[in-house]
Amino acid sequence: MRSAARRVCCNGASQKVSCERIAVLSFVFNPQLSKIESFMLKHSQCRAARALLDWTQRDLAERTSISAVSIRAFEKGGDMRESNLRLLTLTFEAAGIIFQADGEVTGGGIGVRLRSSIDDA
């Protein structure tokens, strides 16, 4: 499987960087992403996030370079490496998904929602 990549520009220079590397660098250099250390994506949240974005398992696999087979197994309740869970989380958040932890919303459990234009401000 070919690794998904993006062209990144910095100070006039352009370089092709894998999506996984971008997610790792984003995690390292963005202090707001430190909450991901304590957040562990659940299989039901993965399915819900894909549904909100209208992505297939193959779409998610292409965006993350994680195999569709691994994503399918995870969504059915299987295990996934922590690094891949972080990558999935970062990919969904970059696409506008907000994950809600258990008890974060009054009377609610874990959840997923799309970021609104108000959240972007």
Side-chain angles (χ1 to χ4, degrees):
M1 174 184 234
R2 229 177 74 224
S3 175
R6 298 278 188 264
R7 187 149 297 279
V8 177
C9 297
C10 183
N11 296 330
S14 178
Q15 183 174 357
K16 196 171 185 179
V17 180
S18 74
C19 291
E20 184 170 16
R21 184 72 179 146
I22 290 171
V24 168
L25 291 172
S26 297
F27 180 75
V28 170
F29 292 109
N30 189 341
Q32 293 178 342
L33 295 176
S34 62
K35 69 178 181 121
I36 293 175
E37 277 298 317
S38 61
F39 174 78
M40 198 55 73
L41 181 70
K42 308 288 189 268
H43 61 273
S44 58
Q45 288 175 305
C46 186
R47 285 193 312 267
R50 275 194 318 98
L52 284 171
L53 295 169
D54 196 26
W55 288 358
T56 64
Q57 290 174 340
R58 184 173 298 280
D59 293 333
L60 182 57
E62 288 173 2
R63 285 173 169 82
T64 61
S65 296
I66 298 171
S67 74
V69 172
S70 294
I71 292 169
R72 188 174 307 112
F74 172 65
E75 289 185 350
K76 287 184 175 183
D79 291 331
M80 184 172 279
R81 287 188 312 204
E82 189 175 323
S83 60
N84 284 345
L85 291 174
R86 272 194 229 123
L87 179 58
L88 288 172
T89 301
L90 288 168
T91 301
F92 283 133
E93 288 182 343
I97 294 294
I98 296 174
F99 294 100
Q100 297 168 321
D102 188 20
E104 192 172 336
V105 179
T106 305
I110 63 170
V112 176
R113 69 179 181 90
L114 282 173
R115 183 182 350 257
S116 70
S117 58
I118 296 170
D119 293 331
D120 294 334

Subject >> Trace of the salt bridge (Lys or Arg N to Asp or Glu O under 4.0 Å) decision for Arg58 with Glu62 >> reply: CA-CA 6 Å; Arg58 184 173 298 280; Glu62 288 173 2; 5.2 Å; no
Subject >> Separation of Leu60 CG from Ile66 CD1 (nearest 0.5 Å) >> reply: 6.5 Å
Subject >> Side chain to side chain, Leu53 and Phe92, heavy atoms closer than 4.5 Å >> reply: yes
Original post:
With no hydrogens and no angle check, is any side-chain donor or acceptor of Glu93 less than 3.5 Å from a backbone partner on Ile98?
Top reply: no
Original post:
In a check of side chain to side chain contact (heavy atoms under 4.5 Å, CB included) between Glu75 and each of Ser44, Ser70, Cys46, which one passes?
Top reply: Cys46
Original post:
Val112 and Ala49: which non-hydrogen atoms are nearest, and at how many Å?
Top reply: CG1-CA, 3.8 Å
Subject >> Interatomic distance, Thr89 atom OG1 to Glu82 atom CD [nearest 0.5 angstrom] >> reply: 10.0 Å
**OP:** Kindly compute the distance separating CG (Leu88) from CD (Gln45), expressed to the nearest 0.5 Å.
**Re:** 11.5 Å
**OP:** Kindly compute the distance separating CD1 (Ile71) from CG (Asp59), expressed to the nearest 0.5 Å.
**Re:** 9.5 Å
Original post:
Nearest 0.5 Å, what's the OG-CZ distance between Ser67 and Phe74?
Top reply: 13.0 Å
**OP:** Would you give the length of the straight line joining atom CD of Gln57 to atom CZ of Arg47, rounded to the nearest 0.5 angstrom?
**Re:** 9.5 Å
Subject >> Residues which pass side chain to side chain contact (heavy atoms under 4.5 Å, CB included) with Asp79, listed by chain and number, not counting sequence neighbours >> reply: none
